[in-house]
Amino acid sequence: MTIWEYGDVARDEMWSAHDCLFCNSPMTTMFSEHHDDDPAGESKLNESRLSDRVSGWRTIEQCTLCGWWKATDQYDRQIRVTLPHATRRVVEGAAGSLKELDLKDVTLPIEEVRRYLVAKFESRFKVHPRLFEETVGSVFRSLGYDAVVTAYSGDGGIDVVLEKDGRQLGVQVKRTKRSISVEQIRSFVGALLLKGATEGIYVTTSKFQSGGEGTASVAEIRGYRVELMDAPRLYDALKLAQRASPPDFVREQAADYFKKMQRISDKPPQYW
């Protein structure tokens, strides 16, 4: 499946923008070719006015983090109605439109949930808690950890267990709009103690209350290192993970992007 479908191309800013309109990451050119063909057959239908397409250039750009894409086809046409050497520049385009996902569906592919959250991070509160735990585990895997998501209930306060370079870390994941209290951080340290771990990461979709960093510092003095990952840091980690696992682009399917092009601009004649 994919989180993108053909959508509205009326937004002028999308054609001049070099960054993704959804996650503000740089766009990458995935496909580019020069062509002289006329797939729509427009010139043959209007031979009294226009000759065949003079030349054209097709490109497909894609965001390697969330997968949003845009395709453009620019070409020149000769016009016979006024002067024999008059031309006009035509630009056609198509772009991806974000689908609405049922984020309560725990069977959604994790890679699609990750791309969706990169594109629409404000939807993080709608993700099913179990699906969100799986997504966080997937992010850490992309960042180089061995990650095991624990049982949904009865996990003892540890939602994900990480291992890397001989270290074991416990992760607690809180998908909530409420800020995390000092007491919740202390409870997490207790969960690490019972797990036999001395390192942990507290992940939340919101923020930590005042005193959270101080509590983590006290815990470290006592032998328990706790990293606090709030919503902005989680989003940064998600984007970093996406750089390690970019969406695939199948070059053989490039023609599919140009099947439903819409006219973006048709400039007045230019004379040589």
Mind checking whether [X] and [Y] have side chains closer than 4.5 Å, heavy atoms only?
X: T64; Y: S25; result: no
X: Q262; Y: I264; result: no
X: K120; Y: L98; result: yes
X: S265; Y: R89; result: no
X: D105; Y: L103; result: no
X: L228; Y: I185; result: yes
X: D159; Y: V171; result: no
X: R114; Y: C66; result: no

Selection residues 181-193 - residue pairs positive for salt bridge (charged side-chain N to carboxylate O under 4.0 Å, His left out), sequence neighbours left out: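 Checked against salt bridge (charged side-chain N to carboxylate O under 4.0 Å, His left out) - neighbours excluded - the pairs reaching residues 181-193 are E183-R186.
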Tell me if a side-chain donor or acceptor on [X] pairs with a main-chain N or O of [Y] at a distance below 3.5 Å.
X: R141; Y: A147; result: yes
X: T176; Y: R178; result: yes
X: T29; Y: E61; result: no
X: S217; Y: E213; result: yes
X: Q242; Y: L65; result: yes
X: R115; Y: G67; result: no
X: Y235; Y: V118; result: yes
X: S181; Y: Q184; result: yes

Residue that, paired with K104, satisfies side chain to side chain contact (heavy atoms under 4.5 Å, CB included) out of L108, D102, V106: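 Looking at L108, D102, V106, the match for K104 under the side chain to side chain contact (heavy atoms under 4.5 Å, CB included) is D102.
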Could you see if [X] belongs to whatever hydrophobic cluster contains [Y]? Use Ile, Leu, Val, Met, Phe, Trp, Tyr and a side-chain cutoff under 4.5 Å.
X: V182; Y: Y224; value: no
X: L169; Y: L240; value: yes
X: Y6; Y: M30; value: yes
X: W68; Y: W15; value: yes
X: F188; Y: L193; value: yes

Ring geometry between Y257 and F249 (parallel below 30°, tilted from 30 to 60°, perpendicular above 60°):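 Judged by the thresholds at 30° and 60°, the geometry between F249 and Y257 is tilted.
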Steps toward side chain to side chain contact (heavy atoms under 4.5 Å, CB included) verdict (I158, L192): CA-CA 8 Å; I158 304 297; L192 293 175; 3.9 Å; yes
With a 4.0 Å cut-off on N to O distance, would you call [X] and [Y] a salt bridge?
X: D230; Y: R233; result: no
X: R130; Y: E133; result: yes
X: K99; Y: E112; result: no

Evaluation steps, side chain to side chain contact (heavy atoms under 4.5 Å, CB included), between I201 and V226: CA-CA 6 Å; I201 304 174; V226 176; over 6 Å; no
Listed once per pair and sorted, the side-chain hydrogen bond (donor to acceptor under 3.5 Å, both in side chains) pairs that draw on residues 189-206, sequence neighbours left out: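 As it turns out, the side-chain hydrogen bond (donor to acceptor under 3.5 Å, both in side chains) pairs with a partner in residues 189-206, which skip direct neighbours, are R167-E199, Q172-Y202, T204-S206.
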Residue of the set W4, W69, F121, Y116 for which ring-ring contact (aromatic ring centres under 6.0 Å, His included) holds with F22: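 Single ring-ring contact (aromatic ring centres under 6.0 Å, His included) partner of F22 among W4, W69, F121, Y116: W4.
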Minimum heavy-atom distance E134-V149, with the two atoms named: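 Heavy atoms of E134 and V149 come nearest at OE1-CG2, 3.6 Å.
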Side-chain donor-acceptor contact under 3.5 Å, W57 with S32: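 Note: W57 and S32 side chains meet the donor-acceptor criterion.
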Neighbour count >12 (heavy atoms, 6.0 Å) for atom NZ, K164: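 More than 12 within 6.0 Å, yes.
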Residue K126 excluded, over 12 heavy atoms near NZ under 6.0 Å: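 Not more than 12 within 6.0 Å, no.
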Axial cation check for F258 ring with R58, 6.0 Å and 45° limits: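 Here R58 passes the 6.0 Å and 45° test against F258.
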All salt bridge (Lys or Arg N to Asp or Glu O under 4.0 Å) counterparts of E163, not counting sequence neighbours: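 If we apply the salt bridge (Lys or Arg N to Asp or Glu O under 4.0 Å) test to E163, skipping adjacent residues, there are no hits.
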